[in-house]
Amino acid sequence: MARLSAVARSAIAMLAVILVVDATARADEPMELRDPQPRWISVRFENSPLDQPGQLATQYTAALPAWFEPGGASNRARVTIAGPTLETGWFEGHRLRTGSFSDFVWIFDASSGDVLSARLRGTLIRRLEFGVLGSDVDLPFEAEMTTRSAVGYKAVRHTLGQLVFPFCERAEHGCTLIAPVRYDSRTGYVNAVGSIVARAMGAAARTFSPLGEAIFSERADAPRASEDFAAAH
């Protein structure tokens, strides 16, 4: 085989660089809601401190794998983040019951970008204080968010050693409303708002949920086989 000329070698090297840069750029592109092809995508969740539920677009997790597929109804899309991925990739700094987290399932209206529902449940372990005494208690929770209406929280309460931001949904005295943001196809950003219901010792509390703020992106190098998604569970 004839040896490649210096010009040909340079052209091939430049092409390789272009391909790598192009793949990187496409990997960072926002999720395309109107592409019904089942595929892996990425999501980064906003991860502000628990005592600042109204803080937006400041701190994010690393990119986590998520599975995109048609939502089972016309013009809907479903995104699923596996429970074990959440436990190790987002809530790794929290004490929790391993294996207790459900998948985090998002249902989008593919035309408007609205989040019709985003649901998650799991069990955290919290240290509750009873005067000078304390005890570790399982705290099962269920979170549900949408972008269909604004909701918010009231002034923080200190309950059994925990910070609690009571849920509210009207522009009344003491209620800080957070406006939802439907999925932005230019940036991949969305902020679905809602509530968390947590239970402990026979009692339940409903608080504001900051878990619906995220950035969704395409993954240029991701496999598209549904078997890979099944294997991840």
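Note: hydrogens, waters and symmetry copies are ignored here, and every other heavy atom, side chains too, is used. These numbers were taken from a predicted model, which means no experiment stands behind them.
With a 4.5 Å cut-off on side-chain heavy atoms, Val193 and Asn191 count as touching. Side-chain atoms of Ile215 and Arg44, non-hydrogen and from C-beta on, do get closer than 4.5 Å to each other. Considering only heavy atoms from C-beta on, Val43 stays 4.5 Å or farther from Val79 through its side chain. Counting heavy atoms from C-beta on, the side chains of Trp90 and Leu211 come closer than 4.5 Å. The shortest distance between side-chain heavy atoms of Arg78 and Val105 falls below 4.5 Å. Side-chain contact check for Arg39 versus Glu32: some heavy-atom pair is nearer than 4.5 Å. Using a 4.5 Å heavy-atom cutoff, the side chains of Ser149 and Pro180 are not in contact. Under the 4.5 Å side-chain criterion, counting only non-hydrogen atoms from C-beta, Phe167 is not in contact with Val197.
No donor-acceptor distance shorter than 3.5 angstrom exists from the side chain of Asp114 to the backbone of Leu116, with no hydrogens or angles considered. The backbone N or O of Gln59 sits less than 3.5 Å from a side-chain atom of Glu46, completing a donor-acceptor pair. With Tyr189 contributing its side chain and Ala57 its backbone, the two residues share no donor-acceptor pair below 3.5 Å.
In the hydrophobic clustering of this structure, Phe45 groups with Phe91; members are Ile, Leu, Val, Met, Phe, Trp, Tyr whose side-chain heavy atoms approach within less than 4.5 Å, directly or through other members. Under the 4.5 Å side-chain heavy-atom criterion for grouping Ile, Leu, Val, Met, Phe, Trp and Tyr, Ile41 is connected to Phe104 within one hydrophobic cluster. Hydrophobic clustering (ILVMFWY, side-chain heavy atoms < 4.5 Å, transitive): Ile178 and Val181 are in distinct clusters.
Side-chain rings of Phe216 and Phe68 stay apart, their centers remaining 6.0 Å or farther from each other.
Minimum heavy-atom separation, Cys168 to Tyr153: SG-N, 3.4 Å. Thr85 approaches Pro65 most closely through the heavy-atom pair CG2-CD, 4.0 Å. What you find for Pro166 and Ala155 is that their closest heavy atoms are CD-O, 3.5 Å. When all heavy atoms of Gly194 and Val151 are compared, the closest pair comes out as N-CG2, 3.6 Å. Of all heavy-atom pairs spanning Ser111 and Asn75, the tightest one is OG-ND2, 2.6 Å. The two residues Glu87 and Arg97 come nearest to each other via the heavy atoms OE2-O, 3.8 Å.
The CZ atom of Phe108 lies 10.0 Å from the OG atom of Ser117; values are rounded to the nearest 0.5 Å. Distance check, rounded to the nearest 0.5 Å: CG of Asp138 to CG of Leu96 gives 10.5 Å. In this structure, the separation between CH2 on Trp106 and CG on Leu120 is 10.5 Å, given to the nearest 0.5 Å. Separating the OG atom in Ser195 from the CD atom in Glu169 is a distance of 8.5 Å, to the nearest 0.5 Å. Separating the CG atom in Asp109 from the CZ atom in Arg148 is a distance of 10.0 Å, to the nearest 0.5 Å. Put simply, CD on Glu29 and OG on Ser185 are 11.5 Å apart, with the number rounded to the nearest 0.5 Å.
Defined by atom type and a distance below 3.5 Å, a donor-acceptor pair is missing between the side-chain atoms of Arg182 and Thr147. No side-chain donor from either of Thr61 and Asn47 sits under 3.5 Å from a side-chain acceptor of the other.
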- Could you walk me through whether Leu56 and Glu213 pass the side chain to side chain contact (heavy atoms under 4.5 Å, CB included) test, one step at a time? CA-CA 8 Å; Leu56 303 176; Glu213 187 180 7; 3.4 Å; yes

With side chain to side chain contact (heavy atoms under 4.5 Å, CB included) as the test, would you mind laying out the steps for Trp40 and Trp67 before giving the verdict?
CA-CA 5 Å; Trp40 286 102; Trp67 182 250; 3.6 Å; yes

